[in-house]
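Convention: sequence-line order gives letters A, B, ...; per-chain numbering from 1. Treat the numbers as computed from the prediction; the structure is a model and nothing was measured.
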Protein chains: 2
Amino acid sequence: LSLEPANKDKRLMKALRGETLDRPPIWLMRQAGRYLPEYRQTRSKSKDFLDLCYSPELATEVTHQPLRRFDLDAAILFADILLIPDALGQGVVFKEGEGPVLDAISDEAGLGKLNLDGVEKHLAPVFETVANLSASLADNVALIGFAGSPWTVASYMVGGRGSPDQRSVRIWAFREPDVFAKLIDLITEATVVYLRRQIDAGAEVIQLFDSWAAHLPDHEFDRWVIAPTAKIVSALRQSHPDVPVVGFPRGAGAAMMRYAAETGITAISLDSGVPVAWARENLQARLPVQGNLDPFTLVAGGKALEDEATRILRGFGTGPHVFNLGHGIVPETPPEHVARLVDIVTGWKV
Amino acid sequence: LSLEPANKDKRLMKALRGETLDRPPIWLMRQAGRYLPEYRQTRSKSKDFLDLCYSPELATEVTHQPLRRFDLDAAILFADILLIPDALGQGVVFKEGEGPVLDAISDEAGLGKLNLDGVEKHLAPVFETVANLSASLADNVALIGFAGSPWTVASYMVGGRGSPDQRSVRIWAFREPDVFAKLIDLITEATVVYLRRQIDAGAEVIQLFDSWAAHLPDHEFDRWVIAPTAKIVSALRQSHPDVPVVGFPRGAGAAMMRYAAETGITAISLDSGVPVAWARENLQARLPVQGNLDPFTLVAGGKALEDEATRILRGFGTGPHVFNLGHGIVPETPPEHVARLVDIVTGWKV
């Protein structure tokens, strides 16, 4: 409680409370990551990617790295959305150059192998990282915790890997919605435990990543995206009423209007394809928006970066806005371009 | 001209003119394809996938196949959006199990290898297929010709293969917009030639597939999706004012409103993630809509298929609507499920 005055004064917290500021706060999805040489060096000290996530000292270090280079308004816990399936007892392996691979689950028997009981203990190193960060971040930097949203996490658990069309999970959800619902419920419960403990350890904001929220028809979007998100938000409100929750239903298009109205989230993060004028009228009028610079402008740099960043600053300038990307920073991004972007945003006056 | 009365009476043509019908016409993206055993048999007679597209007799046969099984209101020319790069002189190879692979172009020198002059001659077998189909289809079946939209075709030409994040093409378009514009212009010109000749040979409707239209920021969506599409539509209107053009900007979300207003297209095809109520209000009120059943409901069948098809029929029932999928039929689709869907739609009464 002694930290509250500082927390309230942070630029990110103000924007998420809907305040009008002289310039928006800025942080960047995947701001700690492979595009930074110091990240690659720290990463090489860990056995594999999961080991990095579970090593409080190393995870704290990589979370800090972008803050040493850039004048960002928030740090985001270094972790991965697949720690939840790992904690539930599903095998998760990160193969070099291939991304995550899981023992795919696609029936009731597969569900039987998952177990909620060990989740909190399994994730203890993550809470230690959060506590480290909470103690070590500069006073003006907000600390963001996060999890994947149940649908997106389920898409990996059922598909066994990332899949742009989420073929396996969609077919299963259509075929056996009541069995699939058990998986969604299990992930939802585990996620509530996980996020509550992140907040207890010092996370000041929560972001829910729904990276594979695109393509779902209305009814499935309501049942598998909106309903579990609403359940998580409501549970967090009960235990931690003052912690803002940012939802990121990537690729959801016009369905974002329903998502914003029905999940109870504090703010909505926009992918790069969301029209700024449309979002201003249909979303920002109701809640703070975050986004939505195309991460490939950060690779390109130069005029494209200046033009796109300025367009977004102008477009969202008058309402509550958190400057961010429309998706994570990609590995081939030159760090100088990130520095340039941060200069543009921090030098901006509405 | 002697065919005009028949053309005007076809259910698809009526819906695309905005008429209210007792039930919508139905056709299905990729209705001719790998899910049909007879397709696989015909396909095995050709050297490779491109050879199938360039063999008028075989391409005519596979176009007819789904019409023999199902009471569909349209046939769509069997071809591929990558015939344009192939005709422009870029090497295109379809590798078994891998999809298309092209010699990627990413600079001015690469553009120099492309040539418009041979396009019409190279594509002559496609026009022969269209003529065959025009002569052989039943009187109530409309014939749809198609091409890829320039942005999507460019994403393959620059990336060398399909890519959900269109990394290469987006980076190039941000870095060197004026050089990239030459590629878009070249594809646009080739596409106009290609589609005009398809119409001359008997195509009654044109569909433009923009499968990778998602994620683009406003300015890039305007320049690389809307502007070239508008140019194609306008050129076709000049030469063939009565031929409807259906646009399919897959994943474009709320940007579809601008697309519908500014491209001049006759009708808009919706991916499965487009909310039906939103589309009714924001799109169908202005132009006919096509879609948007999730292709994975066709894999699942049963209750999911009944429920989803009925929801879409109810949702779009009162306005001009062409029943279709939100994306192409996938290979694991049981043909019986397609038969069931066609029964549901043809048995529907508004």
Side-chain angles (χ1 to χ4, degrees), chain A residues 162-177 213-222 250-258 271-279 281-283 292-305 307-308 311-312 315 326-327 330 332, chain B residues 162-177 213-222 250-258 271-279 281-283 292-305 307-308 311-312 315 326-327 330 332:
Chain A
S163 152
D165 69 5
Q166 314 120 35
R167 174 172 302 236
S168 317
V169 70
R170 278 159 83 191
I171 292 173
W172 190 25
F174 279 126
R175 267 200 190 129
E176 302 190 302
H215 307 306
L216 277 173
D218 288 326
H219 178 256
E220 283 62 37
F221 190 78
D222 287 344
R250 189 167 77 97
M256 279 191 300
M257 288 168 68
R258 235 157 63 231
D271 63 76
S272 358
V274 179
V276 170
W278 178 85
E281 191 181 325
N282 292 286
L283 298 169
N292 66 341
L293 187 77
D294 190 320
F296 295 111
T297 58
L298 267 187
V299 179
K303 188 171 177 331
L305 176 56
D307 288 354
E308 291 289 316
R311 191 179 57 75
I312 289 166
H327 198 196
V330 298
E332 59 266 51
Chain B
S163 153
D165 70 4
Q166 314 120 33
R167 174 172 302 236
S168 317
V169 70
R170 279 159 82 192
I171 293 174
W172 190 26
F174 278 126
R175 268 201 190 127
E176 301 190 302
H215 306 307
L216 277 174
D218 287 326
H219 178 256
E220 282 63 37
F221 190 79
D222 287 344
R250 191 167 76 97
M256 278 191 301
M257 288 168 68
R258 235 158 63 232
D271 64 77
S272 357
V274 178
V276 170
W278 178 85
E281 192 182 323
N282 292 285
L283 298 170
N292 66 341
L293 187 78
D294 190 320
F296 295 111
T297 58
L298 267 188
V299 180
K303 189 171 176 333
L305 176 58
D307 288 354
E308 291 289 315
R311 192 180 55 75
I312 288 166
H327 198 195
V330 298
E332 59 266 51

- Message: Under the rule for ring-ring contact (aromatic ring centres under 6.0 Å, His included), what residues qualify as partners of Trp172(A), not counting sequence neighbours?
- Response: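 Partners of Trp172(A) under the ring-ring contact (aromatic ring centres under 6.0 Å, His included) test: Phe180(A).
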For the interface with chain A, which of [options] has the highest count of heavy-atom pairs at distances below 4.5 Å?
options	answer
Gly253(B), Ala254(B), Gly251(B)	Ala254(B)
Gly326(B), Ala304(B), Pro177(B)	Ala304(B)
Phe221(B), Phe296(B), Trp278(B)	Phe296(B)
Pro217(B), Pro164(B), Ala214(B)	Pro217(B)
Asp271(B), Val274(B), Thr297(B)	Thr297(B)
His219(B), His327(B), Glu220(B), Glu308(B)	Glu308(B)

Which region of [X], side chain (C-beta onward) or backbone (N, CA, C, O), has a non-hydrogen atom less than 4.5 Å from a non-hydrogen atom of chain B, or is it both or neither?
X	value
Asp165(A)	both
Leu216(A)	backbone
Glu332(A)	side chain
Pro275(A)	both

- Considering only heavy atoms from C-beta outward, does the side chain of Ser163(B) approach that of Ser168(B) to under 4.5 Å?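 No. Closest side-chain heavy atoms not under 4.5 Å.
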- Message: For Asp218(B) versus Val276(A), what's the shortest heavy-atom pair and its separation?
- Response: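 Of all heavy-atom pairs spanning Asp218(B) and Val276(A), the closest is OD2-N, 2.9 Å.
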- Nearest atoms (heavy-atom pairs only) where Leu283(B) meets Met257(B):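 Reported closest heavy-atom pair: CD2-CA, 4.1 Å.
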- Partner chain B: residue of Glu176(A), Arg167(A), Met256(A) with the largest heavy-atom pair count (under 4.5 Å):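 The candidate making the most pairs under 4.5 Å is Arg167(A).
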- Leu305(A)/Leu293(A) under side-chain contact (heavy atoms from CB on, under 4.5 Å): CA gap, chis, key distance, verdict: CA-CA 9 Å; Leu305(A) 176 56; Leu293(A) 187 77; 3.9 Å; yes
- Is Glu281(A) atom CD crowded by more than 12 heavy atoms from other residues, nucleotides or ligands, each under 6.0 Å away?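 Open.
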- Message: I'd like to check the salt bridge (Lys or Arg N to Asp or Glu O under 4.0 Å) partners of Asp294(A); sequence neighbours left out, ordered by chain and number.
- Response: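 For Asp294(A) the salt bridge (Lys or Arg N to Asp or Glu O under 4.0 Å) partners, ignoring immediate neighbours, are Arg170(B).
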- Which value, rounded to the nearest 0.5 Å, describes the distance between Asp307(A) atom CG and Ile312(A) atom CD1?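 Answer for the CG-CD1 pair, Asp307(A) versus Ile312(A), is 11.0 Å.
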